[in-house]
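First the structure, in the form of structure tokens, and then the observations on it.
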Amino acid sequence: MTDFKRTLVTAALPYANGGVHIGHLAGVYVPSDIYVRYQRLKGRPVLFVCGSDEHGVPITIRARREGITPQQVVDRYHAIIKESFAAFGISFDIYSRTTSETHHRTASEFFRTLYEKGEFTEQESEQYYDEEAKTFLADRYITGECPHCHNPQAYGDQCEKCGRDLSPTELINPKSAISGSQPVMKKTKHWFLPLDRHQPWLTKWILEDHKEWRSNVYGQCKSWLDMELRPRAVTRDLDWGIPVPVEGAEGKVLYVWFDAPIGYISNTRELLPDEWQTWWKDPDTRLVHFIGKDNIVFHCIVFPAMLKAEGSYILPDNVPANEFLNLEDDKISTSRGWAVWLDEYLKELPGRQDELRYVLTANAPETKDNNFTWRDFQARCNNELVAVYGNFVNRALVLTNKYYGGEVPACGELTEADRAVIEEFRGVKAEVERLLDAFRFRDAQKEAMNLARIGNKYLADSEPWKVVKTDPERVKTILNLALQLVANLSIAFEPFLPFSSARLRAMIGLEAADWARLGDTDILPAGHRIGQPQLLFEKIEDATVEAQVQKLLDMKARNEAAAWKPAPVKSDIAFEDFERLDIRTAVVTACEKVKKADKLLCFTLDDGSGTPRTIVSGIAQHYTPDALVGKTVCFIANLPPRKLRGIESQGMILSAVGPDGTLSVITTEAPVHPGSPVA
RNA sequence: CGCGGAGUGGAGCAGUUGGUAGCUCGCCAGGCUCAUAACCUGGAGGUCACUGGUUCGAGUCCGGUCUCCGCAACCA
């Protein structure tokens, strides 16, 4: 690791159809920024590259929905994302975008090279084509009836009602979302990256040569490599993206997954037009990808296969992927509005960047999913940043101003206790470095915080406010040491909390953070003047976090209300058709969970016939088995029996479907005899 | 039996190659008063999801069960 001459750090490219939220920050941007700042402080050459990912179908869908162009969509979000990263102190060397000229050129060249080397395979397949709009249809652009739950508005890739993944050809009565016309199957040619060809070296490279990767990363790769890798299409029929640079490929663009990671390369190239190849092709460069767990396979298998196929690039040395961050015990969801957005945080809690950085690091999902709550945010800020770190700094500075008019006193003879303290905080540097080198940011930050704990304890033990009355000389040494600890804190926290470190340095008159001096006891020379102490951190009030929680709840309610609209009324049916439906009531006599099924409950019903009726119903996620026992429900009695998970279900229990998919069983307003007809 | 990750005191997390369970917060008691009612000390609180096994000895290795999270054309 120390053999590398330089480190190239990439952070996952944010997709430019929305903002950046705390999950992205905790998973990718805060840890990568800490890592890069640390490298810079160590004086190691490092480059930190990121940018917006601006192609792909979802952006075109959003553009259509809002009646603007895809370019307008990405312009808007690119600006928001870029500004909020900058304001938050994510110190990219470059934050560019995949719609840039450099990127288009770089990605095209990359494709050309692979094409000419014969690294692709070609395949013709049949895809839906919209004859009115004269375009092939992306899966998402086709709607139709779901073959499973018969939701009439399922998409070609997924049914949002039953949650199943679909392929467009499965849809009943497919329609084009663009023109509304019926699409036809038409032949189209696409290029594929044959991952199967790369399987042997990938297997060795990861499973044998990179056993040091995080267990979540290694494990996920292993599960992929244990299967047979399949060729992956690298082109699509779409008009938004990078045109496929070969003849006969009109109307085709590079698939977004192929073009996006090349963005790392293009952005480096944009920043360093003459030297970028050193950073990407010299084996002395160490390449590190910071990503979230959903991107593991992509960055460990697919992108390396692309790089290897091209032939002249280095491969990543490590891919520290984080797990997910939940928010208030619920998963973060852009579509449900359940998120804390960075741009809003910066506006609503101005000047509080480091507080968020601290909490997201202290609670980083490094080994498993973690939870962010505003209460926890407040507690960590108040009990740790304010009470431990800020308070120690304040104590040392106030005492210095009080006794010595703001001048650093000289260090006298050291006592046994002084030496013990010095010994303790000298070790912090090596420990922080060891942890950061191992991508263990949570522990590293805790170690930095330890300096403040040492300081508080030192002051409590040595009691300068008492000693000053009996032995003023001794107090000089105590405060000298305390001030050295303060100076050390400003350096140790520099990678983690750059804003407050800068403020602290300004307060004590220290010009720059010199990492090499971390652990030293003479950073502030005797006679050096410090400034007036200001509070390094201020408490977060109850009202502040309560407002944030309320905002989340409001947003959720608003989103659910806005998202819900009654489904269009289906086409008329004959009255006889209705009469053929046999709906009845029944009383639930028993109910139990169906094994190995998440959604199914098995009901035993008294339908008045004397023989118990068994119905399996997919409502286990909304009712516990005993919740409905004794209740009257409505069911359809004349559906043909159907086996579900091996149990024969004799009918269907009726429920109302809420806007968020919750189910509420239909029951009767007053008790009725089991088996009563519903009409 | 699809695959991977995870399940440790009230909360959030550590536990590297197996050796009698740690940290931060919270709680209780005491101390201190320089400090943003902050700080310091002590204490209570865990059969390390459950269950078999290997071992002199397992949170740590192996088997089984349960639960949570994630899993290529939205999302870290």
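Every chain is numbered from 1, with letters handed out A, B, ... down the list of sequences.
- In this structure, a donor-acceptor pair under 3.5 Å is absent between the side chains of Tyr15(A) and His24(A).
- Toward the 5' end of RNA chain B, the nearer of the two residues Ala452(A) and Asp443(A), judged by each one's closest nucleotide, is Asp443(A).
- Side-chain N/O atoms of Arg214(A) include none lying less than 4.0 angstrom from OP1 or OP2 on rA6(B).
- With a 3.5 Å ceiling on both atom-pair distances, the Watson-Crick or G-U wobble partner of rC50(B) is rG64(B).
- Tyr29(A) comes within contact range of no nucleotide atom at all, as no heavy-atom separation falls under 4.0 Å.
- Within the 4.0 angstrom heavy-atom criterion, base atoms lie near Arg232(A).
- Residues Asn371(A) and Trp465(A) each lie close to RNA chain B; by heavy-atom proximity, the contact nearer the 5' end of the strand is made by Asn371(A).
- Heavy atoms of Asp376(A) sit nowhere under 4.0 angstrom from any nucleic acid atom.
- In this structure, Asn363(A) contributes its side chain and Val359(A) its backbone to no donor-acceptor pair below 3.5 Å.
- Backbone-only engagement by Pro58(A) is indicated by non-hydrogen atom pairs under 4.0 Å involving sugar-phosphate atoms exclusively.
- When heavy atoms are screened at a 4.0 angstrom cut-off, Arg453(A) is found touching the sugar-phosphate backbone but no base atom.
- Here OG1 of Thr235(A) is found 6.0 Å from CZ of Phe111(A). Values are rounded to the nearest 0.5 Å.
- At the phosphate of rC25(B), neither OP1 nor OP2 sits under 4.0 Å from any side-chain N or O atom of Arg380(A).
- Note: His21(A) and Phe372(A) fail the aromatic proximity criterion, with ring centroids not under 6.0 Å apart.
- If you take atom P in rU60(B) and the same atom in rU17(B), they sit 13 Å apart, rounded to whole Å.
- A sub-4.0 Å separation between OP1 or OP2 of rU41(B) and a side-chain N or O of Lys457(A) is present.
- Here Tyr255(A) lies in heavy-atom contact (under 4.0 Å) with a base.
- Ile301(A) comes within 4.0 angstrom of no nucleic acid atom, judged by non-hydrogen atoms across all strands.
- Listed pair Lys539(A) / rA38(B) meets the phosphate criterion, a side-chain N or O lying under 4.0 Å from OP1 or OP2.
- When the side-chain nitrogen and oxygen atoms of Asn383(A) are compared with OP1 and OP2 of rA38(B), none of them lie within a distance under 4.0 Å.
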